[in-house]
*Asks:* 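After the structure tokens below, expect a handful of questions from me.
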Amino acid sequence: MAKSSRNSKASASNGSARGAKATIHDQELSRGNGGELHQVTDGATEVLTTAQGAPISDDQNSLRVGQRGPTLIEDFHFREKIFHFDHERIPERVVHARGYGAHGYFETYESLAKYTRADIFQRAGERTPAFVRFSTVAGSKGSFDLARDVRGFAVKLYTQEGNWDLVGNNIPVFFIQDAIKFPDVIHSVKPEPDRAFPQAQSAHDNFWDFISLTPESMHMIMWVMSDRAIPRSFRFMEGFGVHTFRFVNAKNESTFVKFIWKPKLGLQSVVWNEAVKINGAEPDFHRRDLWDAIQSGNFPEWELCVQLFDQNFADSFDFDILDPTKIIPEEIIKAMPVGRLVLDRMPDNFFAETEQVAFMTQNVPPGIDFSNDPLLQGRNFSYLDTQLKRLGSPNFTHIPINAPKCPFHHFQQDGHMAMRNPVGRANYEPNSWGMGPRENPQKGFRTFPNQEEGQKVRLRAESFADHYSQARQFFVSQTVTEQRHIAMALTFELSKVETPSIRERMVSHLLNIDEGLAETVAEKLGIRKLPKRADPAVEPRDDLPPSDPLSIIKNGPESFKGRKVGVLVSDGCDATLVSDLETALAKEGATMEIVAPRVGGVEASDGSHIEGKQMIDGGPSVLYDAVALIVSPEGAEKLTKEAATRDFVADAFAHCKFIGYVAAAQPLLDKAGVEPDEGVIPLASKADISPFIEACSKLRLWAREPTVKL
Ligand code: HEM
């Protein structure tokens with residue numbers, strides 16, 4: 001057979017002809033036969049190998065017959081590489097698919113031996129390693145961070161007596177009272193099955209159809225329609241264990257407990273108009289925020305608080321402590337701080353740690369036990385089951401992120417990907433080989449022997465039937481601004497619902513919560529005649545007093561610490577003012593980011609160069625807690641012509657942010673239609689910086705909001 005002339009060189013070079021040097025800007029590589037680039041080890045980097053450890057000579061070309069002939073199946077390197085790639089994806093979590101994790105530690109304040117024998121709570125000052133994963137619920141893995149959604153707040157504590165997973169949310173109640181309804185609520189919020197949209201959004205018919213037929217969800221709906229569902233940062237949100245758990249002490253006495261994580265930096269959320277824009281400008285807003293904070297040594301911190309109560313309290317409380325749609329207000333049972341959680345290290349690898357971490361509510365050490373909450377009982381089945389599906393083997397506990405950090409010994413063996421098997425002859429007990437491990441009745445986990453009796457029934461307890469009273473209590477605990485946001489959120493969500501009867505049904509529920517709220521939403525939805533209020537199972541109470549801990553604004557930060565200012569600069573700006581601002585912000589524990597008209601930065605009036613982090617088009621003001629406009633007259637003149645600059649200023653104003661500005665920036669304010677108020681603060685000299693930062697610590701000038709009509 002005649003060889004093609006093009007192929008003839010191949011046999012001579014044996015497919016490995018290369019050697020000519022190629023310089024690509026700052027990189028020296030060698031060039032192969034077809035012009036492709038090869039990066040060859042110089043001895044300082046490791047040699048590339050197959051997964052079996054065989055060194056690889058050429059990772060740019062598959063093995064073929066001649067230069068232009070067919071690829072050979074003999075090419076084990078090619079086959080192994082592609083095979084592995086083909087199998088890279090594992091199923092995403094069925095809920096909470098999008099998440100971000102970090103390592104840290106939990107530090108115990110004082111011994112809680114009186115209440116629990118849990119090892120983690122025995123010794124003051126002791127540190128326990130922790131891994132935390134924050135998440136959204138509804139969206140896919142690749143969805144944006146600022147969906148209106150519940151945030152998962154899952155904490156794995158590697159205690160000396162086994163892993164304790166506190167798998168909580170940033171909202172203390174849930175949509176449903178019984179785990180049997182979980183598939184329904186999740187199906188309803190996920191993209192509709194025929195059209196496969198909307199992604200990561202509850203604003204659609206299916207969700208509101210289900211909710212409007214599930215009155216037990218009304219309390220949760222108030223929370224999800226509040227700004228709690230659009231947090232500014234994972235660092236500024238609370239976490240809740242939701243259910244009532246039990247502490248059990250060494251004498252086998254039980255105390256009921258609810259868990260709350262409170263952020264040291266105070267609570268903060270964004271506004272909806274801002275969230276929508278952040279999702280476009282920076283879909284990884286929350287991820288980047290956590291990454292930046294931890295990488296720069298600003299370790300976020302939460303206090304773990306416990307609400308402790310006994311059976312007598314449970315019997316006398318207005319609501320059932322087993323009902324996960326109810327809270328116990330902190331005015332009734334104090335939230336007692338018992339330790340702190342510090343996140344100080346990002347994972348080395350996202351997949352290995354954050355993606356493969358397997359949280360399970362049933363992971364409790366001795367001293368912590370479950371209550372009969374039917375949602376918790378159902379979760380205790382679901383998590384183990386789902387991890388097997390997602391991680392593909394019962395040996396997911398062998399993955400380092402999931403393995404306990406205390407000694408552990410058992411006879412479980414084999415299965416896919418077994419990393420550890422029992423050593424020696426005994427793989428069962430009892431045995432007469434004198435080989436452990438053995439039970440320990442004193443130290444081992446003992447379930448609290450609660451007395452249970454009754455008929456087997458499929459029946460919801462009557463004590464779960466009040467669906468509206470605490471929803472109302474949540475609403476009246478909010479500031480006027482927060483109440484307005486709830487009304488706006490309900491209006492937005494229901495405006496996306498296409499079926500009028502679903503909207504009206506929701507208004508009929510709102511009438512049981514707050515008439516003013518119902519009327520506002522109905523008016524904005526164009527519902528002329530208010531529907532009849534929904535029939536309540538139990539007449540809603542209106543005597544539950546407002547509870548301040550339920551409001552975000554009433555629990556904001558004490559300073560501007562941990563927050564960020566976006567500083568818009570131009571050529572010819574005042575470099576000293578910029579650096580004085582940076583120094584003052586650093587002293588406050590805050591940061592700033594330079595936004596410039598072009599990549600690279602600007603030349604200041606004193607000839608110095610100011611490095612820019614963002615170009616104006618890529619650094620909209622929605623990414624910052626406050627902004628400063630430090631420009632020269634010529635710079636301002638040029639910037640007024642850019643739509644991105646107008647949006648920068650107009651959005652900062654509309655989102656009620658504090659704006660610091662030099663006199664030369666006046667045209668920017670004018671162009672954005674800003675009529676200065678007390679939140680628009682002149683920065684004439686260094687002396688003005690401190691009052692500006694002090695104002696910023698209030699985060700937003702909410703008094704402005706009615707004038708900007710978001
Ligand atoms: C109080 C109510 C609930 C809370 C606070 C909650 C919280 C969470 C959190 C934080 C995660 C993400 C864990 C992670 O970051 O890996 C999660 C995942 C999950 N939850 Fe829940 N959840 C609740 C109710 C339920 C119920 C009732 C079920 C089922 C009956 C359920 C089933 C699941 C499943 C299957 C996953 C995915 C786990 C994985 O693949 O790793 N959850 N939940």
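In each ligand, atom 1 is the first atom listed, and ligand 1 is the first ligand listed. Keep in mind that what you see is a predicted model, and the values were worked out from it rather than measured.
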*Asks:* Which residue and non-hydrogen atom of the protein lie closest to atom 34 (C) of ligand 1, and at what distance in Å?
*Replies:* Val95 CG2, 3.6 Å
*Asks:* For atom 16 (O) of ligand 1, which protein heavy atom lies nearest, and how many Å away is it?
*Replies:* Arg93 NE, 2.8 Å
*Asks:* Under the criterion ring-ring contact (aromatic ring centres under 6.0 Å, His included), which of Trp302, Phe234, Phe359, Tyr100 is the partner of Phe153?
*Replies:* Trp302
*Asks:* If you count heavy atoms of other groups shown closer than 6.0 angstrom to CD of Glu462, is the number above 12?
*Replies:* no
*Asks:* Provide the number and element of each atom of ligand 1 under 4.0 Å from a heavy atom of His243.
*Replies:* 1 (C)
*Asks:* Got the closest protein heavy atom to atom 43 (N) of ligand 1, with its distance?
*Replies:* Tyr383 OH, 2.7 Å
*Asks:* When you measure from atom 7 (C) of ligand 1 to each heavy atom in Arg390, Glu355, Arg379, which option holds the nearest one?
*Replies:* Arg379
*Asks:* Salt-bridge test for Arg228 and Glu238: reply yes if a basic N is under 4.0 Å from a carboxylate O, no otherwise.
*Replies:* yes
*Asks:* Which atoms of ligand 1 are found less than 4.0 Å from any heavy atom of Gly152?
*Replies:* 10 (C)
*Asks:* Salt-bridge test for Asp320 and Lys326: reply yes if a basic N is under 4.0 Å from a carboxylate O, no otherwise.
*Replies:* no
*Asks:* Hey, does the Lys NZ or Arg CZ of Lys258 hover above the aromatic six-ring of Phe240, less than 6.0 Å from the centre and inside 45° of the axis?
*Replies:* no
*Asks:* Using a strict cut-off of less than 4.0 Å between a Lys/Arg side-chain nitrogen and an Asp/Glu carboxylate oxygen, indicate whether Asp323 and Arg460 qualify as a salt bridge.
*Replies:* no
*Asks:* Would you mind running through ligand 1 and noting each atom that sits below 4.0 Å from a heavy atom of Val94?
*Replies:* 35 (C)
*Asks:* Please list the nearest protein heavy atom to atom 18 (C) of ligand 1 with its residue and the distance rounded to 0.1 Å.
*Replies:* His96 CD2, 3.5 Å
*Asks:* State the CG-OG1 distance between Leu391 and Thr386, to the nearest 0.5 angstrom.
*Replies:* 8.5 Å
*Asks:* So, Glu303 and Lys262, do they make that salt bridge, N to O below 4.0 Å?
*Replies:* no
*Asks:* Less than 4.0 Å is my threshold; does some heavy atom of Gly168 fall inside it relative to ligand 1?
*Replies:* yes
*Asks:* Which residue supplies the protein heavy atom nearest to atom 25 (C) of ligand 1, what is that atom called, and how far is it?
*Replies:* Phe182 CE1, 3.4 Å
*Asks:* Among all protein heavy atoms, pick the one closest to atom 38 (C) of ligand 1 and tell me residue, atom and distance.
*Replies:* Thr386 CG2, 3.6 Å
*Asks:* List ligand 1 atoms under 4.0 Å from Phe359, heavy atoms only on the residue side.
*Replies:* 13 (C), 14 (C), 15 (O), 16 (O)
*Asks:* Among all protein heavy atoms, pick the one closest to atom 14 (C) of ligand 1 and tell me residue, atom and distance.
*Replies:* Arg133 NH1, 3.1 Å
*Asks:* Could you work out, for atom 27 (C) of ligand 1, the closest of Ile176, Leu375, Leu388 by heavy-atom distance?
*Replies:* Leu375
*Asks:* Before signing off on this row, confirm whether Ser135 and ligand 1 have an N or O atom pair separated by under 3.5 Å.
*Replies:* no
*Asks:* Is the shortest distance from a Lys or Arg side-chain nitrogen in Lys181 or Asp184 to a carboxylate oxygen in the other one below 4.0 Å?
*Replies:* yes
*Asks:* Any non-hydrogen atom of Lys389 lying under 4.0 Å from ligand 1?
*Replies:* no
*Asks:* What's the shortest distance from atom 5 (C) of ligand 1 to any protein heavy atom, and which residue and atom give it?
*Replies:* Asn169 ND2, 3.1 Å
*Asks:* Nearest 0.5 angstrom please: Ser254 OG to Phe247 CZ, how far?
*Replies:* 10.5 Å
*Asks:* Donor-acceptor check, side chain of Gln377 to backbone of Ser371, threshold 3.5 angstrom: yes or no?
*Replies:* yes
